[in-house]
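Inspection log for the structure reproduced underneath, given as structure tokens.
Chain A is the first sequence line, chain B the second, and so forth, proteins listed ahead of strands; every chain is numbered from 1. What you are looking at is a predicted structure, and each value in this text was computed from that prediction instead of being measured.
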Amino acid sequence: MVALEIVRRDLLRYWRNPIRTSLLFAVPLVMAGVFALAFGGGGGDQISIKVLLFDEDDSLLSRFIEGAGDSSRSDHRLEVVPVGEEGYEMMERGEASALVHLPEGFTADYLDGNPTTIGVVKNPSERFLPKVVDEGVRIGAVGLSEASQVFRAELAQMGDFAREKEFPADLAVANLSAGVNQNLRGLERFLFPPVVTLESVSLRPEGGEEEEEESGFNILAYVLPGFSIMGILFLAQSATRDILRDRESGLLRHLLTAPVSVNDYLGGKCLSVFAVTILGFTVFVLIGIAAGIHWGPAPAVVALMLASALATAGLLILIMSLVGSERQGDTLTTMIIIVSSMLGGAFLPVSQMPSFLKPISASTLVYWSTEGFSKLIIDGGGLADIVPNLAVLTVVGLILMLIGAVVLKRKIERGAV
Amino acid sequence: MITVERLCKSFGSLVAVDEVSFEVNEGEIFGLLGPNGAGKTTTINMICGVLKPDAGRVVIGGKDIWLEPKIVKQSLGVVPQEIAVYEDLSARDNLNFWGSLYGLSGGDLKSAVDTSLTRVGLSDRAGDRVKEFSGGMKRRLNLCMGLLHNPRVLLLDEPTVGIDPQARLNILEVVREVAAGGTTVLYTTHYMDEAQELCDRIAIIDHGRILTVGTLEELTRLAGEAEVLRITGNFDDPANRERLSALDGVRVLKADDRIAVLSVDAGGPGLLAILPQILAPDLGVDDVSIQQPNLQSVFISLTGKELRD
């Protein structure tokens, strides 16, 4: 069948040119790879933040802080590494996200109510994790400051105890305990029960088993589907560019001198573009799996991949059918790919966009694809949950492809070959 | 074998082909000779079924190409003017793909590819990417693709444009071999010498119209001259041109400020009597060259301009 021979030839051209083929995957692969290296890991693992703790105080309070960061519950989140002055050199080498410095006399000043400072040195080469540490220390500092206000007298008394060389008397300890208790009782009506609580659940289909979820978040699961869609669009751009190149180079004219009809040629090219996008999508899915993403139930993932590939192929074929030259096609398709990727949620979740943009987002194929993958990956949905997405992508993709093929056929038959 | 009846094609207000008709006999090499922009490529695109004519029809081997395209194209080989190959694939890959379009596969395909490559002298480069080929080699591969399936009819659209003389000779030799094997050949060119050397019959085309058709002898007889004189000199003075026109026994085919082309009437006083008049000092002639009647002179006599204009 001629159409299949055309598909085979096009795939052979990609195979025979591994460098060019690799470059087609390069941008989205690099973007996805960087994210995978930065945030990937085993399934559902948390983001790991390495913090150096330079504790010049070496007191009870500082050890408490160190212990809090090093607790088993936050084992996967926070890695607290005690260091000395060499910690600053380690920061210059970029070996941690941040360094927290507890100066000498920190505890004594805190207990006496004297102003004191916790230093945070952030790694300038990282954007996100140092800010997490900074905010965490800031919150901790606010908490300690408020506690200092509430328990001023008790903390001063603890300071006296710390300075004494002997164990405090029982009465003094009892007085301290009573004072803390009295303060807590006073705060009780403000703190307990909490007015606002957090309840985190995941919806499951009827009959599905409840699974205990690990709290935390895999950034890659949020961003890879969007980058994959964008990557597929660029792949489809390259594959459809061939149609214009065939026209401009005379290859199409030559092909049509053989027992090849225009329908054969266009059918072959449409199949070829679809095949390339499917293969590309498969690569991205495999990368996601390697980086720890659970894409969802296999039938749903495959169906969404196929529908997304069909939609991207249809869109690019239509655009290429309307332009007059390869250069025009490249310019127009690049603009459309970037804008629709941004609007459709490839870079930023649609839910974070201004409300007036949301209807516009829903008019892009990127939206329907990324939203479908979000339902599978983030919400844990299945095939039934993405039926609207499959329907939109498939129907629109087929229509666009058909219109594009008809336009191309008319151009070819009119002599614009 | 090929019947072209009143083909017409316009692109907007431009009439590219205007009622072109001719017939090509089986086994002959038929030339379509004309300058650039004469309508040769448009005509051949309509004949090979790529471009739909506004009017007229094309019958090849007794079948209308537009009514039964796939059947006719199965026996048609086309060598286009553009080098239309996939440069990122090897010569063999290109031919394998091309052969598959004609239904060749397996051992038949391999045999056909090997034979074609040998025929054009590309066997030792079969596995190399076409982008590494010279222009002449690419043209030979182009030719190869037209011959792969042993077509009964071969259409070549200026297959020697832009290549070195050696490659050109190779291509012409292959065309002769193919024709000797019984294939009917339609060959378009703007090179007069190619048409003279290669073609059994020639049609001269200009501005989309066939001016005349015949063998070389018939065409030169049609022009009715003996020798042709090409003179250079100072002819911007109208008086000089008038003196040329007044010469007995010559006909001015073309004259501009520097060049004049004259035909010597066969029944006139003859070249020996004419030359002294041409070389008279007052005519301002710098150079005279004498040519036997050829297609150039035929073209000039029909159109008033040279083939390369």
Side-chain angles (χ1 to χ4, degrees), chain A residues 1-24 238-239 241-269 271-272 276 324 326 408-417, chain B residues 9-12 16 41-42 44-54 65-66 68-90 92-94 96-105 127 129-131 142 145-146 148-149 151 153-155 157:
Chain A
M1 189 177 166
V2 170
L4 290 178
E5 288 298 327
I6 291 174
V7 175
R8 186 176 161 278
R9 178 211 62 197
D10 283 350
L11 293 178
L12 180 65
R13 290 173 64 204
Y14 283 107
W15 180 254
R16 290 267 195 259
N17 293 276
I19 295 174
R20 177 187 152 226
T21 304
S22 301
L23 286 174
L24 289 174
S238 170
R241 188 189 289 133
D242 271 354
I243 297 175
L244 295 173
R245 199 170 281 170
D246 284 354
R247 272 171 54 188
E248 292 176 6
S249 68
L251 265 164
L252 177 56
R253 247 193 312 280
H254 197 187
L255 265 174
L256 294 177
T257 67
V260 174
S261 68
V262 175
N263 290 342
D264 289 335
Y265 172 75
L266 290 174
K269 293 307 291 185
L271 269 177
S272 177
V276 167
E326 190 182 335
L408 275 170
K409 181 174 178 177
R410 290 182 69 178
K411 278 187 174 179
I412 291 168
E413 289 177 342
R414 265 203 329 262
V417 179
Chain B
K9 185 68 183 178
S10 295
F11 299 104
T41 298
T42 305
I44 214 165
N45 281 342
M46 288 189 283
I47 292 171
C48 66
V50 169
L51 188 61
K52 197 156 175 61
D54 296 334
I65 193 168
W66 288 100
E68 300 175 87
K70 286 199 174 182
I71 294 174
V72 175
K73 288 178 182 180
Q74 191 65 41
S75 60
L76 196 63
V78 179
V79 181
Q81 187 175 21
E82 302 98 350
I83 297 175
V85 295
Y86 291 101
E87 299 212 350
D88 49 1
L89 295 178
S90 68
R92 187 176 292 281
D93 286 336
N94 271 280
N96 282 339
F97 168 68
W98 203 254
S100 70
L101 298 180
Y102 288 90
L104 296 173
S105 63
R129 287 200 193 167
V130 175
K131 69 169 76 167
N142 225 24
M145 289 161 77
L148 191 60
H149 55 292
V153 175
L154 182 65
L155 309 180
D157 188 10

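At a threshold of 4.5 Å between non-hydrogen side-chain atoms, the residues A:His254 and B:Ile83 do not count as touching. Using a 4.5 Å heavy-atom cutoff, the side chains of A:Thr257 and B:Leu76 are not in contact. Taking 4.5 Å as the limit, some side-chain heavy atom of A:Ser261 sits within range of a side-chain heavy atom of B:Lys70. Using a 4.5 Å heavy-atom threshold, the side chains of B:Asp93 and A:Arg9 count as separate.
The choice from A:Leu255, A:Val2, A:Val260 that makes the most heavy-atom pairs within less than 4.5 Å of chain B is A:Leu255.
The nearest pair of heavy atoms linking A:Ser249 to B:Glu82 is O-CB, 3.8 Å. A pairwise comparison of heavy atoms in B:Ala84 and A:Gly250 identifies CB-O, 3.7 Å as the closest pair.
Using a 4.0 Å cut-off between charged side-chain N and carboxylate O, A:Arg16 and B:Asp88 make no salt bridge. Salt bridge absent: A:Arg253 and B:Asp157 never bring a charged side-chain N and a carboxylate O closer than 4.0 Å.
Neither the backbone nor the side chain of B:Val72 comes within less than 4.5 Å of any heavy atom of chain A. For B:Asn94, no part lies under 4.5 angstrom from a heavy atom of chain A.
Checking A:Asn17 against B:Arg129 by side-chain atom types alone, a donor-acceptor pair falls below 3.5 Å.
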Start with the C-alpha distance between A:Asp242 and B:Tyr86, add both sets of side-chain angles, then the distance that settles side-chain contact (heavy atoms from CB on, under 4.5 Å), and finish with yes or no.
CA-CA 11 Å; A:Asp242 271 354; B:Tyr86 291 101; over 6 Å; no
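Of all residues in residues 97-104 of chain B, those placing a non-hydrogen atom less than 4.5 angstrom from a non-hydrogen atom of chain A are B:Phe97, B:Trp98, B:Ser100, B:Leu101, B:Tyr102.
When atom types are taken as modelled, the side chain of B:Lys73 and the backbone of A:Leu256 share a donor-acceptor pair closer than 3.5 angstrom.
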